[in-house]
Asker: 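One structure follows; several queries about it will come next.
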Amino acid sequence: MTAQASTAFDTANQTLPPEWDLSAFYSGPEDPEIEADLMRAKQAAEALVASHKGKIHTLDGDGLTDAIEAYDAFESILGKISSYGMLMK
């Protein structure tokens, strides 16, 4: 039994892959908000490292909550950027 690789273009049915409305992320690939989000992600990462590097094991419940919230904010920015990039393909 051999496996066939799936392709983005179904030649048998002549269907194209979906086109995504990405306007919820950015207005287009040249949107200056992309660069602004990259800068915000860099700043969030630097702040996270500065405030929590080497300290996670010493945090109490509130401190751990703060660290997780800071990481979540950083990850949200990266998620927006990476989702846009992946769906652009």
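We count residues from 1, following the sequence as given.
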Asker: State, to 0.1 Å, how close Pro29 and Met88 come at their nearest heavy-atom pair, and which atoms those are.
Answerer: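 Heavy atoms only, the tightest pair is CG-CE, 3.6 Å.
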Asker: Once you round to the nearest 0.5 Å, how far does CZ of Arg40 lie from OG of Ser76?
Answerer: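 Nearest 0.5 Å value for the CZ-OG distance: 12.5 Å.
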Asker: For a quick test of reading the model, state the closest non-hydrogen atom pair linking Ile56 to Ala67 and the distance between them.
Answerer: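 Scanning both residues completely, I find the closest heavy atoms to be CD1-CB, 4.1 Å.
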Asker: Atom CG in Leu59, atom CG in Leu64: separation rounded to 0.5 Å?
Answerer: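 Reported to 0.5 Å precision, the distance equals 6.0 Å.
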Asker: Would you check if the side chain of Thr58 reaches a backbone N or O of Lys55 as a donor-acceptor pair within less than 3.5 Å?
Answerer: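 Looks like yes, one N/O pair under 3.5 Å.
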Asker: Can you list the residues that meet the side-chain contact (heavy atoms from CB on, under 4.5 Å) rule with Glu35, with sequence neighbours excluded?
Answerer: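 Expected list: Leu38, Met39.
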Asker: Under the salt bridge (charged side-chain N to carboxylate O under 4.0 Å, His left out) definition, can you give me all pairs with a residue in residues 60-73, not counting sequence neighbours?
Answerer: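 Every pair satisfying salt bridge (charged side-chain N to carboxylate O under 4.0 Å, His left out) with a residue in residues 60-73: there are none.
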Asker: Ile77 and Ala41: which non-hydrogen atoms are nearest, and at how many Å?
Answerer: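 Closest approach of Ile77 to Ala41: CG2-CB, 3.7 Å.
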Asker: Taking Leu22 as the starting point, is it possible to reach Leu78 by hopping between hydrophobic residues whose side chains are less than 4.5 Å apart?
Answerer: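 In one cluster with Leu78: Leu22, no.
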Asker: I'd like to check the salt bridge (Lys or Arg N to Asp or Glu O under 4.0 Å) partners of Glu46; sequence neighbours left out, ordered by chain and number.
Answerer: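 Partners of Glu46 under the salt bridge (Lys or Arg N to Asp or Glu O under 4.0 Å) test: Lys42.
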Asker: Which pairs with one or both residues in residues 57-88 pass ring pair (Phe, Tyr, Trp, His ring centres under 6.0 Å), sequence neighbours excluded?
Answerer: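 Counting only pairs at least two positions apart or across chains, the ring pair (Phe, Tyr, Trp, His ring centres under 6.0 Å) contacts touching residues 57-88 are Tyr26-Tyr84.
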Asker: If you look only at pairs with a residue in residues 32-56, which of them pass as a ring pair (Phe, Tyr, Trp, His ring centres under 6.0 Å), with sequence neighbours excluded?
Answerer: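 Pairs touching residues 32-56 that pass the test: none.
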Asker: How would you list all residue pairs meeting salt bridge (charged side-chain N to carboxylate O under 4.0 Å, His left out) that involve residues 15-27, not counting sequence neighbours?
Answerer: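 Non-adjacent pairs meeting salt bridge (charged side-chain N to carboxylate O under 4.0 Å, His left out): zero.
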Asker: Leu87 versus Phe25: any side-chain heavy-atom pair under 4.5 Å?
Answerer: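 The answer is yes, as the side chains (C-beta and beyond) meet within the 4.5 Å cut-off.
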